[in-house]
Each structure stands twice: as C-alpha cells, then as structure tokens.
Amino acid sequence: MKNQIVLIIDFGGQYNQLIARRVREHKIYCEVKSYKTPIEEIRAMYPNGIIFTGGPNSVYLDNSPQIDKEIFELGIPILGICYGAQFMAYSLGGKIEKANESAAAEFGRTDCTFDTGSLIFKGLKEKSVVWMSHNDHIATLPDGFRAVCHSNKCPYGAIENPQKKFYATQFHPEVNHTEQGFDMLGNFLYNVCGCTGDWTMEGYAQTAIREIREKVGDGKALLALSGGVDSSVACKLLANAIGSQLTCIFVDHGLMRKNEGDEVEAAFAGSGVNFVRVNAGERFLGKLKGVTEPEAKRKIIGEEFIRVFEEEAKKIGKVDFLVQGTIYPDVIESGTGDAAVIKSHHNVGGLPDLVDFKEIIEPLRALFKDEVRALGIALGLDEKLVWRQPFPGPGLAIRIIGEITPGKIAILQDADAIFREEIAKARLERDINQYFAVLTNMRSVGVMGDGRTYDYTLALRGVSTTDFMTADFSRIPYDVLETVSTRIVNEVGHINRIVYDITSKPPATIEWE
C-alpha cells in the first residue's frame, strides 16, 4: 500500500529539513525536492500537498529560484512559507516589494493576529507569537486571495485562496518560536490536503522487509556495523528480511567507549545474522602513534577501517549487496537544488570502489534520526542500542587532544563512563541530545592527599539540539555536575581538574576535534 505523500519544494531555505521533520511528526510521509524538479516528475508522484520553503533571495530578481508556474495548475493544495509565500503571490499576479516605512522588515519573535475562520488557523488562539525573517513583503495580493493574519508591520502575515487551496505564511510555522506553528502545519496537512496520517514505522518495516527480500533474492549482503543506532537498525531490518544471507562486520578499532565492543557483540548474539568482530585496536594505535593533528587522525582511521573491512570482506567470498546506514538528513545535507551543502556524506567512504558489489542497499534512506529510533523499537531492537549516544567514526581518537596512547584511552573511557552513568541516574539521558568527556592535553597543578599533583584537565560537554546542525549547551544541574566531578577525580587516575563546556554551536562545533 502506497503512503500519502507531501512534497517540500526547496528554494534554498535554512529550515527545509525542519519543515520535513514537522510533516513527518504529523505521521505523514514527505520528501524534499529541488525547485528544479520537472513538473512531470511532481505530477507522477501524486502528492496530497506541496509546501514551498523559504529562501534567501528576492523573488523579483532574474536569478532567483523559481519553479515552473504550471505547478499552480495541478489542482494540488500548496502552502508557501516566507520566500515560498512571496513566490506564490508574485507568480499569481501579486506584487512583492522591499521593506519600507509602512511595511518594515521583521526578524525574530513577532506578535500576530489570526483569522481563525481560515482552515489553517482553525481551532487556534486569535493572537500569538510567530517567527518572522524577511526583508521583502507582499505589497499587493493576487486576485482571489485575502489576508488571514497580520502583525503591526506586516498586513499580509498570511494569505489564502481557499477555492484553489493555496495558503501562504510570511512567518515560519516550522520553528519552535512560532507558538502554534505545529498545529498550523497540521491544519494544512489534515484540513486542506486531506491527509490521514498513515506514515508509521510498523508499516515502513513491513514494506522495507518485503522490498529487501525481493531485491536480494538468494544473494548475499554485507554491512559495516559500527554499533551506532543507524547501522544497528539497518542490521535488524536486514536480519528480519534475509537472515543468514547477511554478514555484519564490526571493526573494533580500540577507540570505543568503555565495554562498548562487548556490548555491541552481545546485542547481536543470536540475532540470526553472521556477526564478525575484528579486534584491530593494536593495528590502529600503531598507525596513530605520534599523530596529534585531528584531521590526520580522521584520515588515518578512515583509511585503516577500509583496509580492515576489505580484508574481512574478501574472506567471505562473493557478496552481491553492500548495506549502508544512510539516513534522510545525509541526503538533504548533501544538497538539493541551490540549498547550501552543509556537509557531503559518503557512508562507508569509498567501499563500493574497493569491493565488487552488484548494488548498494540503503534501507533507512527515507528516515530521520527519530524515525530510525522508532523503527528500531518497532523491530524489537535493544533500547540500549536504539538510544545509544551519537558517536563519531574515529571514536575517542578525536576526544583525546594530542597524541593517542593506551593510557589516555583508559583514562577517558573510565571518566566518560562515570559521566554517562550519572546522567542516566539523574534521568537526563533523553533530555541531553549528546554528552561526553574530552581528555584535554592541558595539565595543571592540583592538591590531593596533601600532596602536589600535575595532571590532566578533563572537559565535559553536553548539548541540546533537534538537528545537530546548531546546538545549545545543556543546563545540566550543578548537583549532577558536582557528583560527576567528585567521582572522576576520586576514581580515575591522572585527572585533577574538571571543566564544563558552555559554548553553543555556532561558534563552536559539538565535538572538540
């Protein structure tokens, strides 16, 4: 059974991924498509609705992104947001102008008044706060449109043509700062588009398992298993689909968190798949000896991982399919249309060039991280793996500042384990999106047992984020931090000072290296 679908047409906005997440949160499947997507392709997808994203351009300029105006003739409900609202108005005969004295630019939290007779504002409060971010404004409405929202500076905060099922908001309903934004999107999706919310992970699992079985047939598949949530859920899904035809290779590079290698192995014992653990810690440490530059560490670890994986893959014999844990943010962040490329994603970097595979299977390619976790729960995966903290591929190598040694790895493993244990005791593990310890290369004077010490400074890091592209430092209660600090200094050798990182992203990154 085919799911209902909403298309998000990307005009280069910074919130395109967030719009998609909000639609999925309403249990409705959606995809982000470039504004360059041919109308024939859009028509062939039979979408229940279309959403135009924001964007940094002025719609009246010759080089501004514009989709074929035939999109307004498809008979499909459309919601325009910010630039998308201006594009809709401009394309249908309205006028867009730069901000002036009568209609000034607006940025940030803005009080607005809504016409709750509009389907998209049905059941909402008449007055609330929205998030505005615009230099241009709609000066003249197209024929058939009327205003259904205004602020002190913006007479056309939202407009509608209910006969055509066209709606547009100058503000951003997808961001948390817009108080009733989630419900506004829900009203558009359900009241206007007629969606029913048929997107569930149980249904996704059934469909994916069937499609995997059809594709693989009697062939074999290979998965590089890191133990992270994406590869673990991919493994569980493939195991349910093809069982012993799947081989999972877990390369333990010796830079995992405390006991993590054993936990990953235990989680997949008796799973019905061929699980191969390769203990390659000494091999990786040998390659990293004397290396201090973080990017050099990453490249060495990535290259060595490929070498180990290649060697193990050859032992298995002919394998038809490579499984990758690519998820939807990887696809979006790699760029659609004129949207900024945040970072390019090449999962299991370069492996298809090294091993002869017939095809790559990416069973999670349509899912966001929270959906991957929900799928893992639906498949019966151990919750410890489903809610495992995000962990970089190079592991502790980039959480140890300076040269990596076995002694430093042991120190950081013990300290990080205490931090994670106390966060769990405080029941904060679901509230803090990522938290970990960093062993700095800085030493300082301390006093322990009436004696002078000169030992390492350990940094603790905790962030709150929805998309990991921006993040705010987490306000961990002082009593929890005090307990963590006391335990680490008393239980872990060679650390005499603890600091907490209170820098957000930007200007910092989440990881230190």
**OP:** Report the C-alpha separation of Arg43 and Glu41 in whole Å, then their side-chain angles, then the decisive distance to 0.1 Å, and conclude whether the salt bridge (Lys or Arg N to Asp or Glu O under 4.0 Å) test is met.
**Re:** CA-CA 5 Å; Arg43 182 187 289 112; Glu41 182 179 334; over 6 Å; no
Subject >> Ser58 versus Asp136, side-chain donor and acceptor atoms under 3.5 Å >> reply: yes
**OP:** Side-chain contact test, heavy atoms from C-beta onward, threshold under 4.5 Å: evaluate it for Arg399 versus Phe391 and give yes or no.
**Re:** yes
**OP:** Identify which one of Phe11, Tyr60, Tyr35 satisfies the ring-ring contact (aromatic ring centres under 6.0 Å, His included) criterion when paired with Phe87.
**Re:** Phe11
Original post:
Is the CD1 atom of Ile377 crowded by more than 12 outside heavy atoms at less than 6.0 Å?
Top reply: yes
Original post:
Is it the case that Ser226 and Ser231 place a side-chain donor and acceptor less than 3.5 Å from each other?
Top reply: yes
**OP:** Apply the test side-chain contact (heavy atoms from CB on, under 4.5 Å) to residues His137 and Ile96: give CA-CA distance (whole Å), side-chain angles for both, the deciding distance (0.1 Å), then the verdict.
**Re:** CA-CA 6 Å; His137 70 100; Ile96 309 299; over 6 Å; no
Original post:
Would you say Cys149 and Thr113 make side-chain contact, with heavy atoms under 4.5 Å?
Top reply: no
Original post:
Is there a donor-acceptor pair under 3.5 Å between the side chain of Ser232 and the backbone N or O of Gly228?
Top reply: yes
Subject >> Flag, side chain of Glu160 to backbone of Phe145, donor-acceptor distance under 3.5 Å >> reply: no
Original post:
Under 3.5 Å, is there a donor-acceptor pair between the side chain of Asn57 and the main chain of Val59?
Top reply: no
Original post:
Quick check: are there more than 12 heavy atoms from other residues, nucleotides or ligands sitting under 6.0 Å from CD of Glu482?
Top reply: no
Original post:
What class does the angle between the rings of Phe182 and His26 fall in, given that below 30° is parallel, 30 to 60° is tilted and above 60° is perpendicular?
Top reply: parallel
Subject >> Side chains of Leu238 and Leu223 in contact at under 4.5 Å (non-hydrogen atoms) >> reply: no
Original post:
Got a donor-acceptor contact below 3.5 angstrom from the Tyr83 side chain to the Pro65 backbone?
Top reply: yes
**OP:** Could you go through the ring pair (Phe, Tyr, Trp, His ring centres under 6.0 Å) check for Phe436 and Phe419 one step at a time?
**Re:** CA-CA 7 Å; Phe436 54 90; Phe419 186 29; 8.3 Å; no
Original post:
Are the charged groups of Arg257 and Glu263 less than 4.0 angstrom apart, N to O?
Top reply: no
**OP:** Determine yes or no for a side-chain-to-main-chain donor-acceptor pair under 3.5 angstrom, with Thr178 supplying the side chain and Trp131 the backbone.
**Re:** yes
**OP:** Could you please spell out the steps behind the side-chain hydrogen bond (donor to acceptor under 3.5 Å, both in side chains) verdict for Ser464 and Ser474?
**Re:** CA-CA 6 Å; Ser464 300; Ser474 296; 2.9 Å; yes
Original post:
Passes side-chain hydrogen bond (donor to acceptor under 3.5 Å, both in side chains), Asn16 versus Thr53? Steps please.
Top reply: CA-CA 6 Å; Asn16 55 9; Thr53 75; over 6 Å; no
Original post:
Is a donor on one side and an acceptor on the other found under 3.5 Å between the side chain of Asp416 and the backbone of Ala437?
Top reply: yes
Original post:
Are Glu422 and Lys425 close enough for a salt bridge, meaning some N to O gap below 4.0 Å?
Top reply: yes
Subject >> Pair Arg430-Glu383, salt bridge (Lys or Arg N to Asp or Glu O under 4.0 Å): steps then yes or no >> reply: CA-CA 12 Å; Arg430 300 285 178 91; Glu383 285 203 13; 3.4 Å; yes
Original post:
Could you state the interatomic distance from CD (Glu421) to NZ (Lys258), rounded to the nearest 0.5 Å?
Top reply: 9.0 Å
Subject >> More than 12 heavy atoms from other groups under 6.0 Å of CG on Asp479 >> reply: yes
**OP:** Go through Lys27 and Asp198 one step at a time and tell me if the side-chain contact (heavy atoms from CB on, under 4.5 Å) criterion holds.
**Re:** CA-CA 6 Å; Lys27 301 188 184 305; Asp198 64 353; over 6 Å; no
**OP:** Take Gln66 and Ser64 through the test side-chain hydrogen bond (donor to acceptor under 3.5 Å, both in side chains) and record every step on the way to the result.
**Re:** CA-CA 6 Å; Gln66 300 191 15; Ser64 62; 3.3 Å; yes
**OP:** Evaluate the side-chain proximity of His172 to Cys82: yes if any heavy-atom separation is below 4.5 Å, no if none is.
**Re:** yes
**OP:** Using a strict 4.0 Å threshold on nitrogen-to-oxygen distance, state whether Asp370 and Arg24 make a salt bridge.
**Re:** no
Original post:
So, do Phe368 and Val372 sit near enough that their side-chain heavy atoms are less than 4.5 Å apart?
Top reply: no
**OP:** Run the numbers on Ile498 and Val489 for side-chain contact (heavy atoms from CB on, under 4.5 Å), then give the verdict.
**Re:** CA-CA 8 Å; Ile498 313 287; Val489 170; 4.0 Å; yes
Original post:
Roughly how far, to the nearest 0.5 Å, is the CD1 atom of Ile401 from the CG atom of Leu439?
Top reply: 8.0 Å
Subject >> Approximate separation, where rounding is to 0.5 Å, of Ser128 OG and Gln180 CD >> reply: 4.0 Å
Subject >> Candidate list Glu371, Gln4, Glu25, test side-chain hydrogen bond (donor to acceptor under 3.5 Å, both in side chains), partner Trp199, passing option >> reply: Glu371
Subject >> Under 3.5 Å donor-acceptor, Arg461 side chain and Ile510 backbone >> reply: yes
Original post:
Is the number of heavy atoms from other residues, nucleotides or ligands within 6.0 Å of CD (Glu70) greater than 12?
Top reply: yes
Subject >> Rounded distance (nearest 0.5 Å) linking atom CZ of Arg21 with atom SG of Cys30 >> reply: 10.5 Å
Subject >> Lys297 side chain to Ala397 backbone, donor-acceptor under 3.5 Å >> reply: yes
**OP:** Measure the spacing between CD1 of Ile432 and CZ of Arg475 and express it to the nearest 0.5 Å.
**Re:** 12.0 Å
Subject >> Under 3.5 Å: donor-acceptor pair, side chain of Gln389, backbone of Tyr435 >> reply: yes
Subject >> Ion pair check, Glu260 and Arg388, cut-off under 4.0 Å >> reply: yes
Original post:
Does some side-chain heavy atom of Ile42 sit less than 4.5 Å from a side-chain heavy atom of Ile71?
Top reply: yes
**OP:** Please say which of Leu124, Val148, Ile120, Val130 ends up in a side chain to side chain contact (heavy atoms under 4.5 Å, CB included) with Phe114.
**Re:** Val130
**OP:** Only one of Arg365, Lys236, Arg373, Lys369 passes salt bridge (Lys or Arg N to Asp or Glu O under 4.0 Å) with Asp230; say which it is.
**Re:** Lys369
Original post:
Roughly how far, to the nearest 0.5 Å, is the CG atom of Leu458 from the CD1 atom of Ile418?
Top reply: 9.5 Å
**OP:** Could you tell me whether Glu97 and Lys95 make a salt bridge, using a distance below 4.0 angstrom between a side-chain N and a carboxylate O?
**Re:** yes
Subject >> Stepwise side-chain contact (heavy atoms from CB on, under 4.5 Å) check, Leu237 with Ile212 >> reply: CA-CA 9 Å; Leu237 190 63; Ile212 290 167; 4.2 Å; yes
**OP:** Using a 4.5 Å cut-off on heavy atoms from C-beta on, say whether the side chain of Ile9 contacts that of Ile50.
**Re:** yes
Original post:
Would you find a donor on one side and an acceptor on the other, under 3.5 Å apart, between the side chain of Thr200 and the backbone of Gly203?
Top reply: yes
Original post:
Is any side-chain heavy atom of Asn191 closer than 4.5 Å to a side-chain heavy atom of Lys122?
Top reply: yes
